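Just so we're clear, the structure is a prediction, and the values are computed from it rather than from any experiment.
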Amino acid sequence: MKHRKRTKAARRTMATAAAVIAAVALLMIVTLSQVLVVRDIMVVGNRSLPAEAVITQSGVKIGDHLLGRSVANMKQALEKNRYISYNGYEFDYKGRLTIRIEERLGMAVVSSLGIFYVIDEGGMVLECAGSAYPTNAAGPKVTGLSIEDNAWIVVGERLPVRDENQLEIMKSVLLTLDDTSMLSRVSQLDVATYDNLYAMTSEGVKIELGENTNLRTKLLIAREVLTSRELEGGLRGAKIDVSNGRNAHFIPAVRLTPTPVPTATPTIDPSSTPS
């Protein structure tokens, strides 16, 4: 008899515990459903794109749940716009969702089969400009890239190159050009060989960078030489070798020495010769 009473008591205790656990779980679900609701949205990292446009592109709306489909698919939705690179999000206790992005900018131009393309620093193709050279790129024309034979260059995709290291080197140089305020001054960047990188300025000066090391120092030195020499004029055709990463070797343009024009040998009249 006592055994039956103990069994019933244990069952009641277990039922009570299960009811309490279920109630707590339900309370947590209700609480989380209220706490994890998006009440405000902010965008960080946009430059020219309006925040409202980025939010619309994300697909997330005020009132959406943080664990819902719109937040889960935010990266995919945002990067349908080729000018947006998604960097994640943050969510605080006030219900503010902060969307972090980087805005891809046209930093260079490449040419293939007579067609010009605007690319970002990492080789993402942003625009096809056709046969006319684009004027909306902030930086130089990049030459020397080993683009795959017969490969299609597609807007919204990375350049189809044989060697991905070339794109990494290009990115490093372009970002350093931008950081040293030299991006708009450089008209060409050649990345054909890793140890012989060079840039051409709009004044026609060749900057020999050498390897992909100490780029910031090299470009700051080159910028200083350009600033000090441009007042003298005659920069076109000159070279600035900063490949050692410590100092610059300025090589002025070779000026051809004019070739003297031969004069005719005067003829002598025999009759005027004294006898």
Side-chain angles (χ1 to χ4, degrees), residues 8-108 117-128 134 136-139 152-161 164 167-168 170-172 174-176 178-179 183:
K8 288 182 179 179
R11 288 175 180 171
R12 289 195 202 101
T13 302
M14 291 178 63
T16 302
V20 170
I21 292 171
V24 170
L26 180 61
L27 180 62
M28 290 180 63
I29 291 171
V30 172
T31 302
L32 287 174
S33 66
Q34 296 300 316
V35 171
L36 300 182
V37 170
V38 177
R39 294 182 171 83
D40 186 24
I41 305 175
M42 185 171 69
V43 177
V44 174
N46 56 315
R47 298 189 188 183
S48 59
L49 290 172
E52 295 78 9
V54 176
I55 294 170
T56 300
Q57 180 77 40
S58 74
V60 181
K61 302 181 183 66
I62 301 297
D64 285 355
H65 198 276
L66 186 66
L67 303 179
R69 182 177 297 179
S70 61
V71 176
N73 295 336
M74 187 162 49
K75 173 180 171 64
Q76 181 181 357
L78 283 169
E79 293 193 345
K80 285 182 179 178
N81 184 334
R82 59 183 178 274
Y83 291 94
I84 296 176
S85 175
Y86 175 71
N87 280 350
Y89 72 84
E90 296 171 1
F91 189 79
D92 65 20
Y93 69 95
K94 294 181 180 179
R96 174 179 293 167
L97 178 71
T98 301
I99 303 172
R100 296 193 173 277
I101 68 166
E102 286 183 13
E103 191 172 332
R104 293 190 175 101
L105 302 177
M107 294 186 70
Y117 300 89
V118 178
I119 61 173
D120 75 349
E121 72 278 4
M124 170 70 75
V125 182
L126 301 178
E127 295 180 27
C128 174
N136 58 340
W152 288 96
I153 296 180
V154 180
V155 173
E157 297 182 5
R158 288 196 6 136
L159 287 171
V161 296
E164 288 288 329
L167 292 185
E168 292 304 314
M170 178 191 74
K171 179 178 181 178
S172 179
L174 288 174
L175 289 176
T176 310
D178 190 31
D179 184 52
L183 187 65

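- Counting only heavy atoms from C-beta outward, the side chains of M124 and I119 never approach each other to under 4.5 Å.
- Scanning all heavy atoms of the two residues, the minimum distance from L49 to I84 falls at CD1-CG1, 3.6 Å.
- Here the side chains of V71 and F91 are not in contact, with every heavy-atom distance at 4.5 Å or above.
- Judged by distance alone, with hydrogens and angles left aside, the side-chain atoms of S172 form no donor-acceptor pair with the main-chain N or O of E168 at under 3.5 Å.
- Side chains of N87 and E102: a donor on one and an acceptor on the other come within 3.5 Å.
- A heavy-atom distance below 4.5 Å is found between the side chains of V161 and L167.
- Minimum interatomic distance between P160 and I153 (heavy atoms only, all atoms of both residues): CD-CG1, 4.0 Å.
- You'll find the side chain of I41 reaches within 4.5 Å of the side chain of I99, heavy atoms only.
- L183 contributes atom CG, which lies 10.0 Å from atom CD of E121 (distance to the nearest 0.5 angstrom).
- Between V44 and M42 there is a side-chain heavy-atom pair separated by less than 4.5 Å.
- The two residues S58 and M74 have their closest heavy-atom pair at CB-CG, 3.8 Å.
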Open item on the list: Between R158 and E164, does the salt bridge (Lys or Arg N to Asp or Glu O under 4.0 Å) criterion hold? Intermediate values first, please.
Closed with: CA-CA 10 Å; R158 288 196 6 136; E164 288 288 329; 2.5 Å; yes
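- If you take CG on L78 and CD1 on I101, they are separated by 7.0 Å, rounding to the nearest 0.5 Å.
- From L126, atom CG reaches atom CE of M107 across 11.0 Å, with rounding to the nearest 0.5 Å.
- The shortest distance between side-chain heavy atoms of L66 and Y89 falls below 4.5 Å.
- Using a 4.5 Å heavy-atom threshold, the side chains of R100 and E90 count as touching.
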TODO: Evaluate the criterion side chain to side chain contact (heavy atoms under 4.5 Å, CB included) for residue pair V125 and V154; output intermediate values, then yes/no.
DONE: CA-CA 7 Å; V125 182; V154 180; over 6 Å; no
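- Panel note: side chain D92, backbone R96; a donor-acceptor pair is recorded below 3.5 Å.
- Nearest approach of E79 to Y86, heavy atoms of both residues: OE2-N, 2.9 Å.
- For the pair A137 and V118, the tightest heavy-atom approach, listed with the atom from each and the gap, is CB-CG1, 4.2 Å.
- With 3.5 Å as the limit, one finds a donor-acceptor pair spanning the side chains of N136 and E127.
- In this structure, CG in D120 is found 11.5 Å from CZ in R82, a value given to the nearest 0.5 Å.
- Minimum interatomic distance between V38 and L97 (heavy atoms only, all atoms of both residues): CG1-CB, 4.1 Å.
- Side-chain contact between S70 and K61 is absent, with no heavy atoms from C-beta onward closer than 4.5 Å.
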